[in-house]
Structure formats: C-alpha cells, structure tokens
Amino acid sequence: MSASSVPAPTETAPLSRPIVAGIVTALVGVTSSFAVVLTGLDAVGASRAQAASGLLVLCLTMGASAILLAWRYRMPITVAWSTPGAAVLAATGAVEGGWPAAVGAFLVTAALILLTALWPQLGRLIARIPPSIAQAMLAGVLLPLCLAPVTGLAANPWGVVPVVLTWLVFVRVAPRWAVPLAFVAAAAVVGVDMVLTGATIDPALLVPRLAFTAPTLTFGAVVGLALPLFLVTMASQNVPGVAIMRSFGYEVPWRPAMLVTGVGTAIGATAGGHAINLAAISAALAAAPDADPDPKRRWVAGVSTGASGIVLGGLSAALVALVVVAPEAVIPAVAGIALFGAFGSAVQQAIDDPGERLPAVVTFLVAASGVAIAGVSAAFWALVAGLVVREVLHLGRRRV
C-alpha cells in the first residue's frame, strides 16, 4: 500500500508540524550516534581532521539523499549513516594499508550497494544469509562497545555516572530523548572538566572542513571490512528501514533508494564517510502520524530531516573537538549506551529460533572475540564459522 492509497484525515495540521518532526528526527539521529561513528573512524586510522571530515560528509550526503528521495517520491523517506557499520569499523580496528585502505573499503561498500540496485540476484543472495547468523555477527561486533559504560563506571565513575543516570531516567520518561540527553550530560561533564583543568579548544579547530584521502585496496580491508560493512548496512538498516516504512503505509522504491544511497556513499568515501543507508529506527519519527495526521504530507518531514542533517554537519568539527578533550571513558560510555537497543534486538533475533541457536552462538562468539586471521577481521570469520556450523548441523538432519 502506498501513501496515495491512504485516505486523508479530516484534521489539517499546520505545515510547521512535519517540519518540526524532521528537525527532531535529525537531532535524535545525529546526537544519539555520532560518538559511535567517531569511534569507528578513529579505530580504522582516521586522524582528528579526517574523522571530522567523515562526520561532515556523512551529514551532507545523507541530508541531500533524504531531500532528493522524499521530494521525488513524496514519502517521508529519511537517510542515515550506518551506525551498525560504524560499530563494525570499531570492532575491526586498523586494517592492512591503514586509513587509505579503509577509504578503499568504503568505496567497495558503495559499489556493492550500487550493485544491489542494478543486479537483483545480489539482493537475493544476501537474503539467503540466515537472519540469525547476520544478527549474531552484529551482536558480537556490538558487544565490546556496549561494555564501555560498564568498564567506564570503574575507570572514571565521576565522569560516567552522570551520563548513565541521565540515560536511565529519560529512558523511563522520554525514551526518544534518552541517548541525546545522555550526550548533553556528557558535554556537561566535559565542560566541568575543562574548567577544573584549564583545558581549552583552539577556535580554528571548530571550523568544519573536508579532508580527502586517496584510496588504496588491500585484501584484508576488502574482505574483512568492506564485506561486513556492506552486510550489516543491508541487514540492519536498509531491510528494516523498508519494513518500518511499509508499516506506516509507504512502499519505498528499492532500486532508486539503493542507487541514491550507493552514489552518496561513493561521493563521501574519499572524505571519510563510511556508508549511508535508509534510516531504520529513526524512520518512524518522520513517517508516523505524529509527524502529520495526513500521510500525503509527511514527505515534508523527510525533506526537513535532510535539511536539518546538512545544517548539523556544521557541528562536525566541534563534536570531534569535544571528544578529544573529554575525560577518560565518558564518550565511549555515550557510544555504548547508544547501541544498547541495537544490541538487544540483534541478540533476540539471533537466538529466537531454537534450531538456529547453536550456529548463531558460534557466530556471536567469533565476532565478539575480535581475533583477526590472515589480516581479515573477526566479523568476516564469524559469518564463515556460523554458516559452516549451520551447514554441518543441517546436513546431519537431512541424512537422518
């Protein structure tokens, strides 16, 4: 069912309503997960300037993509950076060839997204990967990041406790704002620490800039980084994003959406952007009736989300500067809290089917181990291990 087939309600809301809904969507999306993105970019070798550039170009490309798709198809289609993909970067760490090889992996990821749009067989091949295996890999990748608030409480209780308490209070009374307000608490902690220590930030570092890197291709980066990044982006963002939009009566045009996000990822790759995709969880903020009672007007929220994302890109350098001067464990705690929901959902889907539970457990453990073999990250080997175990178990059942 498409938005055009849904009868318009009698209530007419002011145009400011979907515009504000879009602003809220962008604010929640950026503030709740930028720390994860910076953690991932730093892990694969980005400098401070390169990480700030990556954050900026992600905001620009996902903003422009959302505006284009929402305007063209008159749907509240929103585009986000790949938060699970950033977690893959964090779990993978430095790859053979360093930052230029990571940039090369981002370009390969873009090519795979475009290939998914142009060659339907690739999409069907991805769909053949059991969801339990894909989600178990994601859960294993997320586990070390989700442990950061726990370890942070021991390493720096005075800095992390306010962040955790803020999140806990608001996850009860205003879940949508729990993570963004946890970030506000973290910013307050950083501010107090700067006053006490006399630390300062050079104003020149607050100006957003793009820093381009010539990409290189290495086997370890392509297999160990690009493939897991592509798989989690598709399985944990694009596919759920389409499903969430469908639940509100919108049929997202799959091929154009993949073409736009694939091109956007390719454009942003050399400036440090790892991947953009259809928004999943935050998609509901722009597509739900709260954005506008009339489903035919909610596309305005999609355009507003994109425009707001571009504006927020101006804060990229300031956010990186904030991370640099933050006390120990504070920003990792925010990143971990931001991933609690994704981790819980991944674990649930991984072990939901008793018949798939053992392969999923093996996948999870290998991914969580962080062990790289032959220069290839644990995320890739986790998929291999899970699929092998699953095939052996199913082979035995077929013979019986």
Side-chain angles (χ1 to χ4, degrees), residues 23-64 79-87 89-90 99 145 148-149 152 159-160 162-163 166-167 177-195 199-211 268 271-276 279 282 305-339:
I23 295 172
V24 169
T25 302
L27 279 172
V28 171
V30 170
T31 59
S32 65
S33 58
F34 84 91
V36 183
V37 173
L38 293 181
T39 299
L41 295 176
D42 176 71
V44 294
S47 65
R48 178 194 301 184
Q50 289 163 339
S53 172
L55 198 63
L56 171 59
V57 78
L58 286 169
C59 287
L60 296 179
T61 52
M62 69 188 192
V79 177
W81 54 49
S82 177
T83 302
L89 305 188
W99 175 245
L145 294 173
V160 175
V163 175
T166 300
W167 169 79
W177 294 99
V179 176
L181 289 174
F183 161 65
V184 171
V189 169
V190 174
V192 171
D193 182 77
M194 290 179 66
V195 171
T200 58
I201 298 176
D202 183 354
L205 298 177
L206 303 181
V207 180
R209 298 182 180 89
L210 292 176
H274 64 294
I276 62 171
S282 61
T305 299
S308 301
I310 292 174
V311 172
L312 289 172
L315 300 176
S316 56
L319 292 174
V320 173
L322 184 71
V323 170
V324 170
V325 300
E328 178 187 8
V330 172
I331 299 302
V334 176
I337 285 172
L339 294 170

Completion exercise
Here the pair of heavy atoms bringing G152 nearest to A329 is CA-CB, 3.7 Å

Exercise for the section: Compare all side-chain heavy atoms of F34 with those of L315 and state whether any distance is below 4.5 angstrom. Expected result: no

Fill in the blank from the handout: Distance col, row L210:CG vs L60:CG, nearest 0.5 angstrom, shows 6.5 Å

Problem - Distance (rounded to the nearest 0.5 Å) between T166 OG1 and L181 CG - result: 7.5 Å

Completion exercise
So CD1 of I310 and CG of L56: to nearest 0.5 Å the spacing works out to 10.5 Å

Problem - Separation of I337 CD1 from L145 CG (nearest 0.5 Å) - result: 12.5 Å

Problem - Side chains of T31 and V179 in contact at under 4.5 Å (non-hydrogen atoms) - result: no

Practice task
Write down the atom of A275, the atom of L58, and the distance for their closest heavy-atom approach.
Solution key: O-CD2, 3.7 Å

Handout entry: Smallest separation among heavy atoms of V37 and A86, with atom names
Key = CA-CB, 3.7 Å

Problem - Contact check, side chains of W177 and V184, non-hydrogen atoms, under 4.5 Å - result: no

Handout entry: Any T25 side-chain heavy atom under 4.5 Å of S282 side chain
Key = yes

Practice task
Find out whether V323 and V320 are in side-chain contact, i.e. whether some heavy atom of one side chain is under 4.5 Å from a heavy atom of the other.
Solution key: no

Problem - Pair S47, Q50: side-chain N/O donor-acceptor within cut-off below 3.5 Å - result: yes

Practice task
Answer yes or no: is there a donor N or O on one side and an acceptor on the other, between the side chain of H274 and the main chain of S82, under 3.5 Å?
Solution key: yes

Problem - Nearest atoms (heavy-atom pairs only) where A333 meets V160 - result: CB-CG1, 3.9 Å

Practice task
Answer yes or no: is there a side-chain heavy-atom contact under 4.5 Å between W81 and V30?
Solution key: yes

Handout entry: Heavy-atom side-chain proximity of R209 to S53 below 4.5 angstrom
Key = no

Problem - Heavy-atom closest pair, residues G313 and P208 - result: O-CB, 4.3 Å

Practice task
Side-chain contact test, heavy atoms from C-beta onward, threshold under 4.5 Å: evaluate it for D42 versus R48 and give yes or no.
Solution key: no

Fill in the blank from the handout: Here the pair of heavy atoms bringing G272 nearest to W99 is CA-CZ2, 3.7 Å

